[in-house]
Amino acid sequence: MLEIRQLDVSYGYLQVIWGVSLKINEGEVVAILGTNGAGKTTLLKTVMGLLTASQGTITFLGEEITNLPTFKLIKRGLSFVSEERNLFPAMTVFENLILGAYTVRDKKKINDALEYVFTLFPRLAERKNQLAGTMSGGERQMLAIARGLMHGPRMLILDEPSMGLSPMNVEAVFETITRLRSGQTTIVIVEQNVNTTLRIADRAYVLEQGRIVLEGTSAELRSNDQVREMYLGIC
Amino acid sequence: MEMLQQSWDIIVTAILRGGLYALMAVGLSLVFGVMNIANFSHGEFYMIGSYFAFFGITEFKFGPLPSIIFAGLAAFAIGMIVERGVFNPLRQKSKKGWLMNTFLLTLGVSIIMQNGVRMIWGSRYRGVTQFWPGRTKIFTSMEIANDRLVAFIIAMITITLLWYFLTYTRTGRAIRAVSQDETGASLMGIDLNWIHTLTFALSCMLAAIAGASLLSINPAFPTMGVNPLYKSWFVLILVGMGNIWGSIYGGLIVGLLETISIYRFGAGWQDVISLIIIILILLVKPSGLFAKKGVKSVLE
């Protein structure tokens with residue numbers, strides 16, 4: 001579904017991503033793991049057209065999307081929930097959600113999507129008229145994910161969804177992802193919370209200093225000594 | 001009783017004056033909030049609005065209202081061309097020093113427009129004597145020219161329509177989204193380039209409507225935009241940069257300050273008095289009267 005071939009990305013003279021290739025199939029949940037500064041977020045932002053690739057190609061649903069402007073990718077069915085969440089703080093929860101369906105013209109579809117995200121996150125339905133900027137971290141993350149689902153994406157990319165959340169909220173976020181995978185949404189998840197992530201993901205790639213150093217099914221990675229040592233803290 | 005009557009006159013005059021400042025300031029604020037541009041060519045769109053209304057009446061024989069609408073639409077089109085031709089290319093190239101560079105660009109646009117108009121149409125005054133003949137008495141005291149009254153009503157209707165557009169329509173919401181979080185907006189599938197062009201054009205249209213509806217009171221000439229530009233900057237600085245709804249109150253406040261100082265100290269003192277009071281207010285509230293802490297919000 002999404003295929004990245006030999007991708008290089010640089011910030012000015014500083015190259016951050018080195019020849020990364022990966023493939024994500026329809027219906028999978030794929031994790032991208034790695035320590036701070038390994039280039040995970042850079043990789044995702046390049047896929048989303050927020051950063052420019054200097055080399056390599058990205059294809060989505062069989063069409064090349066390398067360096068296309070972000071708003072065009074949304075129309076093609078990609079959705080990105082960034083680490084910063086990028087909510088609209090002075091708008092209500094409802095308005096944020098409606099904007100999530102900006103590319104959808106069909107009123108009925110928008111209402112269905114609203115209903116769907118309200119069943120996923122009943123809390124958002126209660127807070128419908130609250131300003132997004134006044135919500136707690138957990139609620140904001142829920143809103144960001146819900147907003148990312150509003151246009152009915154084929155693939156949802158989550159950047160550190162558990163970042164800055166209390167353990168209870170982390171649990172809730174992962175529960176949501178498990179529920180989403182039973183739908184038809186393909187999910188790519190970047191996480192530092194390796195243990196939990198490997199429990200819900202089908203496959204994972206491990207990124208280190210801008211290169212893919214390991215890949216395999218979650219079970220394989222969980223039994224891999226290097227991963228156990230570096231990320232799971234089990235020696 | 002006479003005191004009361006006088007205060008009433010002052011308030012009515014202030015509101016009529018302030019309504020048009022508000023219309024100018026709202027456009028300026030919109031561009032600052034959404035595009036982060038300190039637009040010093042805003043007055044020139046007021047000026048061409050005035051010219052377009054003049055030609056609408058004299059050349060095309062439109063009525064007053066169609067002329068004003070024509071002026072607004074023409075300025076909208078010119079605003080689109082200016083944005084695509086000047087700010088958009090810079091945006092694609094580099095956002096370094098954006099605020100300063102765009103400020104200089106708007107100064108350039110202002111000079112080009114002023115002198116372009118002088119070249120094409122000369123520098124003589126072009127005005128019409130009346131849009132809507134007659135005067136109206138509001139609560140017995142003084143008589144107000146109908147033109148002033150209608151200009152105020154047009155300003156209020158325009159602001160109301162803008163408010164509705166920004167609050168309830170899909171595109172209006174997109175404009176607010178861009179002002180609050182650009183990355184977030186593009187992740188919603190919003191084309192930032194289009195929203196920027198539209199915002200700039202809308203702002204030009206608002207200025208042009210202000211200029212056009214005052215044509216019978218202020219005739220058109222190339223440098224007529226300077227004064228309204230300064231007035232709308234007074235308003236913006238007073239209420240806080242980029243606070244578009246605050247600009248409406250700001251317009252009325254500046255209108256009131258000016259009217260009182262003209263009444264008390266005579267014409268010519270109004271800028272001195274209103275600036276002194278604005279400075280005093282800024283000493284107490286440096287980020288403006290309606291600035292909010294924390295949330296970076298422009299369009300609420």
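Naming convention: chains lettered A, B, ... in sequence-line order (proteins, then strands); numbering from 1 in each chain. This is a predicted model, so every value here is computed, not measured.
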Distance in Å, B:I190 CD1 paired with A:T70 OG1, rounded so as to fall on 0.5 Å steps: 11.5 Å

Rounded at 0.5 Å granularity, tell me how far CG in A:N86 sits from CG in B:D181. 4.0 Å

For B:A177 and A:L99, the nearest pair of non-hydrogen atoms, with its separation, is CB-CD1, 3.7 Å

When rounded to the nearest 0.5 Å, the distance separating OG1 of A:T103 from CG of B:D191 is 13.0 Å

Among A:R85, A:E84, A:R105, which residue forms the greatest number of heavy-atom pairs with chain B at distances under 4.5 Å? A:R105

Decide if atom CZ of A:R154 counts as having more than 12 heavy atoms of other residues, nucleotides or ligands within a radius under 6.0 Å. no

Are there more than 12 heavy atoms of other residues, nucleotides or ligands under 6.0 Å from atom CZ of B:F165? yes

Interatomic spacing from OH in A:Y102 to OG in B:S186 - rounded to 0.5 Å: 11.5 Å

Where does A:L73 contact chain B at under 4.5 Å (heavy atoms): side chain, backbone, both or neither? neither

Is it true that, when you exclude B:Y168 itself, more than 12 heavy atoms of the residues, nucleotides or ligands shown sit nearer than 6.0 Å to its OH? no

Gap separating the CZ atom of B:R173 from the CD atom of A:E95, nearest 0.5 angstrom: 6.0 Å

Is the number of heavy atoms from other residues, nucleotides or ligands within 6.0 Å of OH (B:Y249) greater than 12? no

Nearest-0.5 Å distance, CE of residue B:M188 to CG of residue A:L97: 10.0 Å

